[in-house]
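Each remark here refers to the structure printed beneath this line.
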Amino acid sequence: MRLTVLGKSPSWQDADGACSGYLLEEDGTTVLLDCGNGVFSKLRRYRDYTKVDAVVISHLHADHFLDLVPFSYALTYAPRQQSVPVDRWPGTDTPARPQLYAPRGATEVFRRVVGAWGNEDLIDNAFEISEFEPDSVLEIGSMRFRFRHVPHFTETFAIDIVSMNGGGRITYGADCSPNEGLVEFARDTDLLIVEATLPRPERTGIRGHLTPMEAAEHACKANVKHVLLTHVSDELDELWVRSCAKRAFPGPISVAHEGAVYET
Ligand SMILES: [Zn+2]
Ligand SMILES: [Zn+2]
């Protein structure tokens with residue numbers, strides 16, 4: 001499988017950046033994992049958005065789904081999606097309508113978001129929406145997706161993707177506080193994408209995120225082959241992030257950048 005980082009910012013975007021969005025590709029199948037604010041523009045930079053087969057959403061925070069709004073507008077109004085010729089586009093009888101897999105309750109949340117300005121059906125009409133359950137298994141092309149609850153401020157799923165063609169395994173921790181469930185879920189994976197949001201643990205309230213060192217501890221306990229630290233603001237020093245992680249994980253450590261590509 002090939003993973004391309006489209007966006008890696010936390011809930012506020014880096015300068016010129018995008019929030020969470022990762023492109024997974026294998027044997028002609030393209031899946032977008034999360035679609036936070038800024039991701040649609042980055043998707044357009046790297047790929048043709050009408051060629052995306054499916055979008056999978058880890059949880060219903062803005063920085064993980066908000067660009068479903070411009071993505072839906074494109075699928076609805078772009079000249080190339082129309083049935084009649086428009087300008088240089090010849091017209092199509094088969095406009096793109098990607099699958100959209102999201103947690104339970106997502107359809108209602110999407111309707112409320114775009115309903116704020118009277119467009120309730122926008123996302124429903126643009127995508128083929130399916131809500132997944134914790135025990136759902138999705139097969140999209142040659143990739144098999146499984147889910148696991150992780151602790152965060154809203155219902156959130158870590159996602160494990162296995163190539164059924166022997167093309168490796170990627171585990172995505174989504175957003176989470178320290179937890180053993182992710183360690184178990186990611187055990188022996190080829191690439192663990194894990195958030196390393198916090199410069200220090202939350203001082204008050206319930207925890208919802210990880211520090212770079214905690215992220216690396218999860219990677220170490222899970223015996224992963226390679227860890228990709230993400231959801232880190234450009235307002236933190238990347239070298240500091242890496243050195244914190246090195247103290248807890250002896251294997252290869254990457255810090256996510258837009259456009260970075262990883263193969264398993
Ligand atoms: Zn979140
Ligand atoms: Zn987030």
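Counting convention: from 1, in listed order, for ligands and their atoms alike. By convention here, the first residue in the shown sequence is residue 1.
- The only member of Asp48, Thr92, Asp87 that meets side chain to side chain donor-acceptor pair (under 3.5 Å) when paired with Arg80 is Asp48.
- Within the 6.0 Å centre-distance limit, the rings of Phe157 and Phe132 are counted as a close aromatic pair.
- Using bins of under 30°, 30° to 60° and over 60° for the plane-to-plane angle, the ring pair His152/His59 lands in the perpendicular bin.
- At most 12 heavy atoms of other shown residues, nucleotides or ligands fall within 6.0 angstrom of atom CG in Asp16.
- Classification of the Phe153-His61 ring pair by plane angle, with boundaries at 30° and 60°, yields tilted.
- Applying the salt bridge (charged side-chain N to carboxylate O under 4.0 Å, His left out) rule to Arg111 yields the partners Asp121, Asp124; only residues at least two apart in sequence or on another chain are considered.
- Distances from the Zn ion (ligand 2) under 2.8 Å pick out these protein N/O/S atoms: Asp63 OD2, His64 NE2, Asp175 OD2, His231 NE2.
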